[in-house]
Amino acid sequence: QVQLMESGGGSVQAGGSLRLSCAASGMTDRNYCMAWFRQAPGKEREGVAVISHGGDGIYYADSVKGRFTISRDNAKNTLYLQMISLKPEDTAMYYCAAYDYPLRICAWVTSAYPYWGQGTQVTVSS
């Protein structure tokens, strides 16, 4: 049973930085794509960044390119999202997600991901 738990959210001013972490358990003997999604109040959940199991397939939403960096440490079963130059429009609940997939190009849609964390809130004030 795969379980994911996010941490690292908080409240920052515009221009600030945060680093989110997602601790995974139960992900053994198989390769998993992992991703960060976010959902602001009244909006649909959207993809922020995805990363393949080997880390060689990384993609970002246009809105975060150049500001966010996704990475993973498979030995520690941990996914990260480094966020800099935060903007008020980055305010949302951020979710970690995973699905069993061995190839480099990971899916971008929420329906592909059966495993989700509970979310961590990021609030950016102007």
Side-chain angles (χ1 to χ4, degrees):
Q1 179 76 6
V2 175
Q3 293 185 321
L4 305 171
M5 182 173 293
E6 303 93 337
S7 61
S11 297
V12 296
Q13 290 190 328
S17 302
L18 282 173
R19 188 193 196 202
L20 306 183
S21 297
C22 171
S25 61
M27 293 171 58
T28 58
D29 301 324
R30 305 186 78 86
N31 294 341
Y32 288 82
C33 279
M34 298 191 77
W36 289 100
F37 289 81
R38 67 186 181 187
Q39 188 167 19
K43 295 188 176 181
E44 292 188 354
R45 193 169 296 189
E46 63 175 1
V48 174
V50 300
I51 184 169
S52 62
H53 179 84
D56 55 343
I58 292 177
Y59 304 92
Y60 296 98
D62 288 343
S63 58
V64 306
K65 280 181 182 177
R67 300 188 298 120
F68 290 12
T69 302
I70 189 171
S71 62
R72 64 191 294 169
D73 185 334
N74 290 336
K76 295 181 179 180
N77 291 317
T78 304
L79 176 73
Y80 303 99
L81 186 69
Q82 178 68 52
M83 306 183 293
I84 65 171
S85 302
L86 283 161
K87 304 175 181 180
E89 50 264 44
D90 294 319
T91 295
M93 186 72 80
Y94 282 70
Y95 298 91
C96 168
Y99 77 106
D100 181 1
Y101 191 73
L103 303 182
R104 186 172 64 88
I105 301 177
C106 295
W108 197 253
V109 293
T110 58
S111 59
Y113 292 82
Y115 306 112
W116 293 84
Q118 84 290 347
T120 186
Q121 178 68 37
V122 172
T123 302
V124 185
S125 58
S126 57

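As a basis for the values below, the full set of heavy atoms in this structure was taken, side chains included, without hydrogen atoms, waters or symmetry mates.
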[X] side chain vs [Y] backbone, donor-acceptor pair below 3.5 Å:
X    : Y    : value
Y99  : S111 : no
E6   : C22  : no
W36  : Y80  : yes
Q82  : T69  : no
Y113 : A107 : yes

Is there a path of hydrophobic side-chain contacts, each under 4.5 Å between heavy atoms of I, L, V, M, F, W or Y residues, that connects [X] with [Y]?
X   : Y   : value
F37 : L18 : no
V50 : Y60 : no
Y59 : I70 : no

How far does [atom1] of [X] sit from [atom2] of [Y], to the nearest 0.5 angstrom?
X   : Y    : atom1 : atom2 : value
M27 : Q1   : CE    : CD    : 12.5 Å
R30 : D100 : CZ    : CG    : 4.0 Å
C33 : I51  : SG    : CD1   : 9.5 Å
R72 : N77  : CZ    : CG    : 9.0 Å
S71 : I58  : OG    : CD1   : 7.5 Å
Y95 : E46  : OH    : CD    : 12.5 Å

Check: Do the non-hydrogen side-chain atoms of M34 and C96 ever get within less than 4.5 Å of each other?
Finding: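 Counting from C-beta outward, M34 and C96 do come under 4.5 Å.
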Note to self: Contact between L4 and L79 at the side-chain level, heavy atoms closer than 4.5 Å - yes or no?
What the structure shows: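 Side chain of L4 against side chain of L79, heavy atoms only: no contact under 4.5 Å found.
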Check: So, for G47 and W108, which heavy atoms are closest and what is the spacing to 0.1 Å?
Finding: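 So the two residues come closest at O-CZ2, 3.7 Å.
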Checklist line | Minimum heavy-atom distance between I84 and G66, given as atom pair plus value | finding: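 Result for this residue pair: CD1-O, 4.4 Å.
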Check: F68 vs Y94 aromatic rings, parallel, tilted or perpendicular, using cut-offs 30° and 60°?
Finding: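 The rings of F68 and Y94 sit tilted, inter-plane angle from 30° to 60°.
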Margin query: Which Ile, Leu, Val, Met, Phe, Trp or Tyr residues join M5 in one cluster when any pair of side-chain heavy atoms under 4.5 Å counts as a link?
Written below: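 Members alongside M5: none; it stands by itself.
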May I have the list of side-chain donor-acceptor pairs in residues 85-93 shorter than 3.5 Å, sequence neighbours left out?
from : atom 1 : to   : atom 2 : distance (Å)
D90  : OD1    : R38  : NH1    : 2.9
D90  : OD1    : R67  : NH2    : 3.0
D90  : OD2    : R67  : NH1    : 2.7
D90  : OD2    : R67  : NH2    : 3.4
D90  : OD2    : K87  : N      : 2.8
T91  : OG1    : P88  : O      : 2.9
T91  : OG1    : V124 : N      : 2.8
T91  : OG1    : V124 : O      : 3.3

